[in-house]
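This report refers to the structure that appears directly beneath it.
Within every chain, numbering begins at 1; the chains are lettered A, B, ... in the order of the sequence lines, protein sequences first and strands thereafter.
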2 protein chains.
Amino acid sequence: MKYRAATIKDIAQALGLSTSTVSRALRDSHEISAATKQLVLEHAASLNYHPNPIALSLKEKKSRSIGVIVSEIANSFFSQTINGIESVANEKGYTVIISQSHESFEKEVRTLQYLASRSIDGLLISVSSATKDLTHLKALHQYGFPIVFFDRIIEDIATHKVMVDNFQGAYNATMHLLQQGYRRIACITNSAHLSITRERVAGYIAALEKHGIHPQPALIKYCFHGGMLLPEVTDAVNQLIKLKTKPDAIFATSDKLTTGCMRALKKAKVAIPGGMALTGFSNSDLIELLHAPITVVRQPAFEMGQVATELLLQLIESKRPVKEFETRVLQSELLIPPR
Amino acid sequence: MKYRAATIKDIAQALGLSTSTVSRALRDSHEISAATKQLVLEHAASLNYHPNPIALSLKEKKSRSIGVIVSEIANSFFSQTINGIESVANEKGYTVIISQSHESFEKEVRTLQYLASRSIDGLLISVSSATKDLTHLKALHQYGFPIVFFDRIIEDIATHKVMVDNFQGAYNATMHLLQQGYRRIACITNSAHLSITRERVAGYIAALEKHGIHPQPALIKYCFHGGMLLPEVTDAVNQLIKLKTKPDAIFATSDKLTTGCMRALKKAKVAIPGGMALTGFSNSDLIELLHAPITVVRQPAFEMGQVATELLLQLIESKRPVKEFETRVLQSELLIPPR
DNA sequence: GATTTTTCCGGGAACGATTGCGTAAATAAA
DNA sequence: TTTATTTACGCAATCGTTCCCGGAAAAATC
């Protein structure tokens with residue numbers, strides 16, 4: 001005995017009315033008498049009637065759902081961002097469909113096509129570290145499809161963007177190492193073509209130069225998979241360790257990279273910060289429980305999710321095509337462990 | 001210039017055919033000539049035609065989407081489970097809609113109603129630690145709505161269930177503490193009415209008794225919010241510490257509780273394992289980087305997600321009402337840090 | 001050549017809801 | 001009383017798709 005949800009037709013039949021009357025009564029139209037409205041409302045309640053969102057979607061040509069693509073939900077930064085996204089989306093009656101690219105370009109493209117075919121009304125995306133080719137995003141964008149970039153921005157595509165002040169965050173972290181006396185500071189970072197990589201490396205370099213130190217290319221290691229593959233990070237760290245003039249500190253530009261470095265250093269039996277100091281971007285809430293108390297750059301992830309969603313909904317619900325786009329830059333925070 | 005997706009009608013018009021013919025051609029019906037099929041297929045491809053899933057949903061009375069309710073996605077165990085869920089759902093063409101209860105009963109009920117109103121085809125749920133009243137779930141279940149429980153099971157409701165051998169996991173962990181010589185072992189656990197709480201506490205007690213130790217109620221602390229609220233855990237730990245005969249080890253029955261204990265012990269300046277040994281359930285991948293190398297019970301989260309989803313899809317796609325239900329019990333693993 | 005069968009395709013209803021338009025009855029204005 | 005206006009409701013189209021029928025033309029059979 002399969003459950004069949006009550007429809008407007010059921011109500012109409014039971015009350016001897018037409019479906020249009022019932023529909024209008026439920027929407028509290030002025031052209032329905034108070035008595036009829038009363039009747040309809042009561043019967044709808046008794047049947048536990050709820051309008052079928054699918055039928056509505058078909059009619060309205062919108063699904064009231066938004067897609068989110070991140071590299072990984074098992075990543076504190078992204079799961080916190082998603083919480084922010086859900087908080088505003090749900091309040092506005094939107095469903096959030098989350099997908100993961102796992103830092104793979106192919107997965108990102110597939111997942112995007114899938115979401116598009118599920119007729120989402122808009123997209124929130126932090127591109128994968130492997131994404132260089134942008135045709136999949138540009139195609140969608142050209143159709144006027146609402147997209148908001150967060151965290152990992154695509155500069156080429158004109159739409160709303162939300163990120164932290166990556167330059168400043170990296171600058172502060174590097175400066176903090178410098179102030180503690182470290183001078184040979186290496187940088188382990190993400191794919192070179194990501195916006196966050198460029199900006200964070202720039203901040204790192206600026207801090208070094210501020211201290212009159214020339215940045216050395218050999219000390220900057222790019223990890224194409226963004227730390228998704230541990231060996232990539234381990235190799236980078238090992239290369240640094242084996243340098244004739246070994247660095248005395250590492251600045252890692254992402255969550256996965258920071259913990260990856262820690263793993264690699266532990267494996268190589270290098271003490272932190274004795275053998276090598278470490279600092280980096282991280283939103284993990286376990287940072288304070290790690291064996292070495294490290295300083296981290298923390299992003300306002302929840303807020304970033306909220307802001308991005310607000311901008312997206314604005315785009316979606318706008319009557320006319322939006323021409324002016326915002327780029328919101330939030331501030332990060334430097335968390336220094338108590339000593 | 002808003003984008004309008006190509007429809008079957010566009011193809012029909014362009015080719016001078018009827019929509020029924022086009023529809024059949026696309027579905028490779030035998031009553032359409034090879035020539036026409038060819039024509040339609042080519043034109044569909046050139047228009048980048050994709051059937052509108054919303055129209056299909058309306059017709060088929062199914063949305064090809066499943067809902068997932070967990071307490072928190074920012075929890076390694078659940079995010080790993082979700083990865084497992086997505087892997088099989090996506091492969092079968094289903095969308096996964098993830099919602100969080102944040103261990104709140106009200107949020108769980110609201111979220112469930114919301115999902116139901118979005119006409120999902122089935123539900124995967126690990127109930128919140130605050131859930132005692134089951135009417136919301138029972139109502140849905142009575143309508144024949146497909147539900148699969150995972151991790152935190154509801155015994156009362158007859159449907160498929162997936163979990164780990166909680167008793168054995170807890171038994172092994174406690175036994176491991178006993179083998180290391182600890183004798184006064186406390187247990188910090190979740191809400192008393194959760195299935196995982198009952199089973200894990202039972203395993204803990206069985207191990208103690210195996211060693212001829214009488215379990216003491218004062219050493220078992222229940223956290224109603226499952227560690228979602230840190231003070232709850234801190235209080236429990238502090239009470240244990242202040243006992244006349246202080247315990248020498250703590251067994252924590254969940255991820256949040258294990259790290260919560262670690263925080264509390266750190267705050268109270270109790271060394272691990274010197275002042276207090278600690279072991280517990282955890283799927284965090286940062287365990288090996290923590291300041292105290294603790295032994296943890298690790299659950300096959302990914303696999304659990306896969307199995308649960310397979311069972312759910314089986315329920316959803318079954319022609320006749322399913323009467324026989326399975327309870328799959330997976331094995332956990334005891335991760336002992338190298339010394 | 002006449003009949004039957006097959007092949008191939010179109011018409012139209014249905015899924016659940018909204019909405020523009022038409023209209024009968026009730027009321028108000030003339 | 002007649003005309004104009006309002007009130008309160010129904011009809012039917014629409015969204016994109018599938019699928020049950022029905023039927024013309026072609027092919028096969030007698």
Side-chain angles (χ1 to χ4, degrees), chain A residues 2-41 43-45 47-65 93 116-121 143, chain B residues 2-45 47-65 93 116-121:
Chain A
K2 186 70 183 174
Y3 172 61
R4 219 192 97 259
T7 73
I8 234 175
K9 209 183 282 179
D10 297 331
I11 305 179
Q13 235 153 31
L15 265 43
L17 293 169
S18 76
T19 57
S20 15
T21 304
V22 174
S23 171
R24 273 185 271 253
L26 290 170
R27 317 204 116 238
D28 201 29
S29 157
H30 64 275
E31 33 181 348
I32 301 298
S33 73
T36 309
K37 275 183 193 170
Q38 169 85 352
L39 216 65
V40 170
L41 252 33
H43 199 255
L47 255 51
N48 190 28
Y49 169 81
H50 286 283
N52 181 327
I54 296 187
L56 281 178
S57 293
L58 184 57
K59 188 112 232 296
E60 308 292 330
K61 286 171 168 276
K62 55 178 66 165
S63 61
R64 287 191 83 77
S65 66
S117 86
R118 294 294 305 190
S119 49
I120 53 171
D121 294 343
Y143 283 140
Chain B
K2 187 73 182 171
Y3 172 60
R4 221 193 94 258
T7 73
I8 236 173
K9 209 183 282 179
D10 298 331
I11 304 179
Q13 236 153 30
L15 265 45
L17 293 170
S18 76
T19 58
S20 14
T21 303
V22 174
S23 171
R24 272 184 273 252
L26 291 170
R27 317 204 117 240
D28 202 27
S29 157
H30 64 274
E31 32 182 348
I32 302 296
S33 72
T36 309
K37 276 183 192 169
Q38 169 86 352
L39 217 63
V40 170
L41 253 32
E42 276 174 6
H43 199 255
L47 257 50
N48 192 26
Y49 169 81
H50 286 283
N52 181 326
I54 297 187
L56 280 178
S57 294
L58 183 59
K59 193 109 234 293
E60 308 292 330
K61 285 170 169 277
K62 57 177 65 163
S63 61
R64 287 191 84 79
S65 67
S117 86
R118 295 293 305 192
S119 49
I120 52 170
D121 294 343

Using five pairs at each end of the helix from C:dG1-D:dC30 to C:dA26-D:dT5 to define an axis, what is the angle between those two axes, to 10°?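 Axis angle across the helix from C:dG1-D:dC30 to C:dA26-D:dT5, nearest 10°: 70°.
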
Under 3.5 Å, which donor-acceptor pairs do the side chains of residues 19-27 of chain A form with other protein atoms, sequence neighbours left out?
residue	atom	partner	partner atom	Å
A:Ser20	OG	A:Ser18	OG	3.1
A:Thr21	OG1	A:Ser18	OG	3.0

For chain B and DNA chain C, what are the first and last nucleotides along the strand, 5' to 3', with at least one atom under 4.0 angstrom from a heavy atom of the protein chain?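 Answer, 5' to 3': C:dC8 to C:dG16.
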
Going by side-chain contact (heavy atoms from CB on, under 4.5 Å), name the residues that satisfy it together with [X], two or more places apart in sequence or in a different chain.
| X | result |
| --- | --- |
| A:Leu15 | A:Ile11, A:Leu17, A:Leu39, A:Val40, A:His43 |
| B:Pro51 | B:Tyr49, B:Leu56 |
| B:Ser57 | A:Ile54, B:Ser63 |
| B:Lys59 | none |

Summary of protein contacts for nucleotides 8-20 of chain D, nucleotide by nucleotide, where a base hit scores B, a sugar-phosphate-only hit scores S (4.0 Å, heavy atoms): BBBBB-BBBBBBB

Integer angstrom distance from the P of C:dA25 to that of C:dA29: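 Here C:dA25 and C:dA29 have their P atoms 22 Å from each other.
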
Apply side-chain hydrogen bond (donor to acceptor under 3.5 Å, both in side chains) to [X] and list each qualifying residue two or more places apart in sequence or on a separate chain.
| X | value |
| --- | --- |
| B:Gln38 | B:Glu42 |
| B:Arg64 | none |
| B:Thr36 | B:Ser33 |

Which residue pairs pass the salt bridge (Lys or Arg N to Asp or Glu O under 4.0 Å) test when at least one of the two sits in residues 5-14 of chain A, sequence neighbours left out?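 Matches after skipping sequence neighbours: A:Arg4-A:Asp10.
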
Search all heavy atoms of B:Ser119 against all heavy atoms of B:Ser65 and return the closest pair with its distance.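 Nearest pair, atom of B:Ser119 first, then B:Ser65: O-OG, 4.2 Å.
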
